[in-house]
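The analysis underlying the following values was restricted to heavy atoms, covering all of them including side chains, and did not include hydrogens, waters or symmetry mates.
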Amino acid sequence: MSENGQENKTIELPVSITVRELAQTLEASPIEVIKTLMANGMMANINQEIDFDTAAIVSAEMGFEAVPIQVVEEEAIEEVEVPLWRKKLEEEDLSQLERRPPVVAILGHVDHGKTSLLDAIRDTSVAAGEAGGITQHIGAYQIEHKGRTITFLDTPGHAAFTAMRARGAQGADIVILVVAADDGVMPQTEEAIAHSRAAQVAMIVALNKIDKDNAAPEQVKQQLADIGIVPDDWDGDTIFVPLSATEKIGLEDLLEAILLVADDLEILANPQGEVFGTVIEAELTKGRGVMATLLVQNGTLRTGDTVLAGNSYGRIKAMFDYTGAKITEAGPSVPVSVMGLSDVPKAGELFNVVESEKAAREIIDNRQLEAGRKEADAESAASLEQLFARVQAGEEDELRLIIKADVQGSLEPIVSSVKDLKSGGEQNIGVKVIHAATGRITNDDVMLASATKSIIIGFNVDPDNAAKRLADSEGISIRKYKIIYHLIEDIEKALQGMLEPVEKKILIGRAQVLKVFPSGKYDQVAGCRVESGEIRRNAKIRVLREGKIAFEGGIASLKRHQDDVNEVREGFECGVGLKGFSDFQEGDILESYVIEMVSAV
């Protein structure tokens, strides 16, 4: 009963609820709920979660009786982004499809034994009597186990794996997540899990180094279970295999697990169908020219075929298997090294066989024309503003974020707060955190953002120089914050379509004018030495004279030893010409800066 004698209305509440959600349930304003919490000695913000008992006290003071909700958890069904080669496979004659060997990638934290495991599996296969042995490294190899073939991508590390994902390919069917039993879940372990989940591939956990005295496999299982990777012997759906790569313990069990998972998957191909697959790696070599490792995923690749991969093409002059033996054809799931391409293709490019080199050149011309159109249409592939515009157009149904913070104490409340945000209205757009971790923003974060069409949020952290350059080239938006409230507010505004971009000038380099040279009839260029950072061709420049800004604008030319360059770093000299300004004086300071979208802090 309430204080006025009327019977309280009954409401159902979950075990935990945010202040915002409780206010909506009580049909009260969030301010009222926060005031009631304060009166009961609890400070909370609008996005903070409170437990059932606290929510029940607030509800009672507002005339409601709270009872625990009976939650029936439904399994979330996510729409899988189908890789390009699978889409192409759907066009094949179903009656011609056959099972092909599974393709396995090995990911995990540095020093947890990825390379040792690959070597151990390969050595075991060679010791078992493989003819010829391993004579060259081509980025992939095959083994036989109980009469069945398994293909391993010999490119440990999630960066290479995600490069394939970012370009619409998916080289692996199964991921082996290597976790050291004496070290447990580490930052790169969590990154590898995020990349595997984004790629929607099956996962097996290899608990490595169980021979170590300080190995604690049960503790590691608990760590993984806490982040959603639950072992099969704990009623989960992920197979865990304890092993030691150095002592060659548990390798048979791992191979059995791979075949078991492969039997549950639809790993099919048409050996007689259209030839296509993925570029694993490529390099320019002396004597042989471009050597590219290709993983055939459908059809049968033959010597003499004309291959097109991205903007690289050519007629295959010679083909070698992973042992270095010369072969004339390769079917589905077979990795081969080929000679004959005109240029070095990127890892992760989808390749296919075309009629002739002339046809390949026509396709490349059309691709370049289309790429030029897309570049003209949009400067950035992913920003809060553009992502929301795509949401409004029905092209996206969620805002995807990669969050990096300085410390765990900041990361947890940020992730907890943004996960609860929704736009409301008919579309009710939500936020999906693709990956969250502490530390600087790296190349891996940018590649993952590119692969998943996400934006990167940095809280008290900056991107390193390599990540900045990659983000610029990939068109990935990096937004930086120092106050959690501003971060949450911007995401809320983006969900409601009200976010206004805030520009901030970020200094990236500083140079001093040593000498002024004539250039043309009236213009002059500045001969400079870069004192710190770098002067970048596509950045902006401000000219400082006696502490005051004499000019601010764009760079017309950037040269080093008469050669046009894109950037000049600290300690080097260069010539700088500016658009609309040539009145340089010796001693002027040139500051190079870029404009980034940040919170108004």
Side-chain angles (χ1 to χ4, degrees), residues 16-24 30-31 33-34 44-50 76 78 194 198 380-439 441 445-446 448-463 471 475-504 596-601:
S16 67
I17 188 170
T18 66
V19 171
R20 183 196 299 275
E21 290 168 340
L22 179 60
Q24 290 171 346
I31 301 298
V33 174
I34 291 171
N45 63 45
I46 194 169
N47 294 306
Q48 190 168 326
E49 287 199 359
I50 57 176
E78 294 187 4
S380 171
S383 70
L384 274 179
E385 296 80 14
Q386 289 167 334
L387 272 175
F388 188 77
R390 293 207 294 269
V391 166
Q392 292 288 70
E395 297 171 12
E396 303 281 353
D397 57 3
E398 62 191 1
L399 287 177
R400 290 177 290 278
L401 305 179
I402 292 169
I403 301 173
K404 298 300 288 286
D406 53 345
V407 293
Q408 197 68 30
S410 299
L411 185 67
E412 289 174 0
I414 291 171
V415 172
S416 173
S417 296
V418 301
K419 276 185 174 178
D420 294 329
L421 298 179
K422 290 189 181 294
S423 64
E426 291 182 11
Q427 287 179 293
N428 203 27
I429 309 305
V431 173
K432 181 174 183 180
V433 178
I434 299 293
H435 177 54
T438 56
I441 297 164
D445 299 316
V446 178
L448 183 57
S450 176
T452 56
K453 298 177 184 173
S454 305
I455 68 163
I456 299 173
I457 300 292
F459 184 77
N460 282 336
V461 295
D462 293 311
I476 298 301
S477 176
I478 298 176
R479 295 181 71 98
K480 297 184 292 184
Y481 297 86
K482 293 182 179 178
I483 298 174
I484 292 180
Y485 169 75
H486 290 153
L487 189 160
I488 305 302
E489 188 179 51
D490 273 7
I491 302 298
E492 283 184 316
K493 285 181 179 177
L495 289 169
Q496 294 160 15
M498 301 185 302
L499 185 69
E500 295 180 3
V502 179
E503 293 184 349
K504 186 175 181 182
E596 291 187 2
M597 306 304 297
V598 296
S599 169
V601 294

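Shortest non-hydrogen contact noted between V461 and A405 is CG1-C, 3.6 Å. Annotation for D445 and K404: closest pair OD2-NZ, 2.8 Å, computed over non-hydrogen atoms. For F459 against I414, the heavy-atom pair with the smallest separation is CG-CD1, 3.6 Å. The heavy-atom pair separating L487 from V418 by the smallest distance is CD2-CG1, 4.0 Å. Here the closest non-hydrogen pair linking S417 and I488 is CB-CD1, 3.5 Å. In terms of heavy atoms, D490 sits closest to Y481 at OD2-OH, 2.8 Å.
For the atom pair CG (L411) and CG (N460), the distance works out to 12.0 Å, reported to the nearest 0.5 Å. Taking CD1 of I434 as the start and CG of L401 as the end, the distance is 8.5 Å to the nearest 0.5 Å. Note that CD of Q24 is 7.0 Å distant from OG1 of T18, once rounded to the nearest 0.5 Å. If you take CD1 on I403 and OG1 on T438, they are separated by 13.0 Å, rounding to the nearest 0.5 Å.
Taking 4.5 Å as the limit, every side-chain heavy atom of S454 sits out of range of all side-chain heavy atoms of K432. I441 has its side chain out of reach of D462: every pair of non-hydrogen atoms, C-beta onward, lies at least 4.5 Å apart. The shortest side-chain heavy-atom distance between R479 and I456 does not fall under the 4.5 Å cut-off.
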Audit row: I50, I17, side chain to side chain contact (heavy atoms under 4.5 Å, CB included) steps and yes/no:
CA-CA 6 Å; I50 57 176; I17 188 170; 4.1 Å; yes

